[in-house]
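Working notes, beginning with the structure itself.
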Protein chains: 2
Amino acid sequence: MKHTYLYPRAALTVDCVVFGFDEQELRVLLIERGLEPFKGHWALPGGFVRLDETLDEAAFRELKEETGLEKVFLEQLYTFSTVDRDPRERVISVAYYALTKLADHRTRAATDAADAQWFRISQIPALAFDHADIFSKALERLRGKLTYQPIGFELLPAKFTLSQLQRLYEAVLGTALDKRNFRKKVLSYDLLIPLNEQLREGPHRPAQLFRFNPVRYERLKKKGFLFEL
Amino acid sequence: MKHTYLYPRAALTVDCVVFGFDEQELRVLLIERGLEPFKGHWALPGGFVRLDETLDEAAFRELKEETGLEKVFLEQLYTFSTVDRDPRERVISVAYYALTKLADHRTRAATDAADAQWFRISQIPALAFDHADIFSKALERLRGKLTYQPIGFELLPAKFTLSQLQRLYEAVLGTALDKRNFRKKVLSYDLLIPLNEQLREGPHRPAQLFRFNPVRYERLKKKGFLFEL
DNA sequence: TTGACTTCGTGTCGTTTTAACACGATTTTT
DNA sequence: AAAAATCGTGTTAAAACGACACGAAGTCAA
């Protein structure tokens, strides 16, 4: 592909903040850089955008190449442009955030050559480039979004209990929620389908399993409806 | 400036959706393109990003160059990357939206050489590139944001009446609001300072003027407070 | 088999917030 | 002085919210 260079051009990357949930705490997927700059540092998965793909395509591609993840919830976050954010040259980064079920990925990361690891968000190491800024913007966005759009389900397995959902909300928002009020509210939206199945996993009463109802969600969205809490 | 072209590079533009309010309807500032491609079409103000400036800087610069506007409220919106969105070559556009007081600009636009005009949002002409997409994303964002952050003041003169504020909300949200409830709500946030001044402008009772209290707003923001409605 | 332990699942009530609703006050114009 | 326009204000019924406690269902060990 030949170009006439009429305008200034910059290298473009996408970087993805991938969130997972381990039933206790929110986690982020980081990769260890194998090349300079920042060789040996942890960084967000990402890479250069090709000239024949959109940013969304680039984000999905990089995510798959570097972490093996596919079909995750992925959304554009913000574009970072500090002039010297990359020591090599001018690089603009379009950041994305992704939500995925942690369990899916555990084995995959272990067998993958690239060193990818889930870090608790309370224990994130020093990050390459301005990735710490990107991460904190992503967390802020996730917190904001969780309270008015039912995206929490993306972080849970297909079948989950109300307690798991509540723990997720508590972990992300960093606050304790009242059990009865939480259930009342969540069920009132009619977005959960109770299954003929229970989760038994300890010396106690088993819990009802539910699954998310995406059809109902789409219908509500069209009516301009906004989920809350 | 010499580069070693290790990575694919793309030209980068910023495009700004500038909103104003004429006491009746929301408006957008468009410029008529003097050059190909899309010569003679209306487009969002914007232009190429230089290698030594951030995106925010580029947006402010272009806004000033093309429309004379300065010191407006400006926020990054979304980055658009459809591969063929520019017929010349690959161009990524980082979109911004801006809010400004319409009155400020009226005279300026008239004397400026470049043809810039305010269009009612219900009467926008065909736009160049994918600017119609950018515009509709900006409007969506403005609507969403208005209900939980007090940014409406950016669109009004420094001194305004509660009726003006209400008309603004009604115009942006596209719904009628109850006068008494609106006043009760707005005043309860304690973000407005009543002035010793009234607006008299017709054969009817004059209206109390207020101004926005930015100090109070900053204090509330720090407490994690969110404005509503 | 019984008791200890753990999480699950549920309802009430007082308080706060919301939504609906109408009319006298003030000013200008004729 | 009457007409016309917008300004500014309070009540009430309904809905939503937040606080709060205990029996049910299962496992395990003595």
Side-chain angles (χ1 to χ4, degrees), chain A residues 21-24 146-148 150 156-157 159-171 173-211 220 223-229, chain B residues 21-25 146-148 150 156-157 159-171 173-211 220 224-229:
Chain A
F21 183 60
D22 67 2
E23 303 271 303
Q24 299 296 328
L146 199 62
T147 63
Y148 69 93
L156 291 175
K159 300 171 182 180
F160 54 87
T161 69
L162 288 178
S163 293
Q164 289 175 316
L165 185 62
Q166 184 175 348
R167 275 194 292 275
L168 166 61
Y169 271 76
E170 291 179 330
L173 302 178
T175 60
L177 300 173
D178 179 83
K179 188 182 192 173
R180 281 179 284 193
N181 294 338
F182 180 80
R183 288 171 182 238
K184 217 183 307 171
K185 193 79 171 276
V186 170
L187 291 176
S188 76
Y189 291 111
D190 208 13
L191 285 167
L192 300 189
I193 299 173
L195 303 171
N196 288 327
E197 223 176 323
Q198 296 184 320
L199 179 66
R200 43 189 65 227
E201 52 153 12
H204 56 77
R205 180 173 176 179
Q208 172 70 242
L209 283 167
F210 292 84
R211 70 178 179 82
L220 288 175
K223 290 185 191 167
F225 166 85
L226 282 185
F227 180 81
E228 236 189 277
L229 225 193
Chain B
F21 182 61
D22 67 1
E23 303 270 303
Q24 298 297 326
E25 201 176 338
L146 200 62
T147 63
Y148 69 92
L156 291 176
K159 301 172 183 180
F160 53 87
T161 68
L162 288 179
S163 293
Q164 289 176 315
L165 185 62
Q166 182 175 348
R167 275 193 292 273
L168 166 61
Y169 270 77
E170 291 179 330
L173 302 179
T175 60
L177 299 173
D178 180 82
K179 187 180 191 177
R180 281 177 286 194
N181 293 337
F182 180 80
R183 287 169 184 239
K184 220 182 307 171
K185 193 81 170 276
V186 170
L187 291 176
S188 76
Y189 291 111
D190 208 13
L191 285 165
L192 299 188
I193 299 174
L195 302 171
N196 288 327
E197 225 176 321
Q198 296 184 322
L199 180 66
R200 45 187 64 226
E201 52 153 13
H204 55 78
R205 182 174 174 179
Q208 173 70 242
L209 282 167
F210 292 84
R211 68 179 179 84
L220 287 174
F225 166 87
L226 284 184
F227 181 80
E228 236 190 275
L229 222 196

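So that the names make sense, note that chain A is the first sequence line, chain B the second, and so on, each numbered from 1.
- For the residue pair A:F160 and A:L192, the shortest heavy atom distance occurs at CZ-CD2, 3.8 Å.
- Comparing C:dT28, C:dA25, C:dG9 by their closest approach to the side chain of B:P203 singles out C:dT28.
- Taking every heavy atom of residues 173-180 of chain A and every atom of DNA chain D, pairs under 4.0 Å involve A:D178, A:R180, by number.
- Between A:G202 and A:N181, it is A:N181 whose nearest contact on DNA chain D lies nearer the 5' terminus.
- Judged by distance alone, the side chain of A:Q166 and the main-chain N or O of A:L177 form a donor-acceptor pair under 3.5 Å.
- Between B:H204 and A:Q164, it is A:Q164 whose nearest contact on DNA chain C lies nearer the 5' terminus.
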Apply side-chain contact (heavy atoms from CB on, under 4.5 Å) to residues B:R183 and B:S163 and explain how you reach the verdict.
CA-CA 9 Å; B:R183 287 169 184 239; B:S163 293; 3.2 Å; yes
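- Taking each heavy atom of A:L199 and A:Q164 in turn, the nearest pair found is CD2-NE2, 4.1 Å.
- A:E201 places its CD atom 13 Å from the P atom of D:dC28, with the value rounded to the nearest Å.
- Look at CG on A:L209: it is 14 Å from C1' on C:dT7, rounded to the nearest Å.
- Within the 4.5 Å cutoff, no side-chain heavy atoms of B:L156 are placed close to those of B:F210.
- Contact check for A:L220 versus A:F227: no side-chain heavy atoms found under the 4.5 Å cut-off.
- For B:Q166 and D:dT6, the CD to C1' distance is 12 Å, given to the nearest whole Å.
- Proximity of residues 182-199 of chain B to DNA chain C (heavy atom under 4.0 angstrom from any strand atom) is restricted to B:K184, B:K185.
- Residue pairs meeting the salt bridge (Lys or Arg N to Asp or Glu O under 4.0 Å) criterion with at least one partner in residues 197-210 of chain A, sequence neighbours excluded, are A:K159-A:E197.
- B:Q24 approaches B:A171 most closely through the heavy-atom pair O-CB, 3.8 Å.
- Counting any heavy atom pair closer than 4.0 Å across all strands shown, B:S163 reaches sugar-phosphate atoms only and no base atom.
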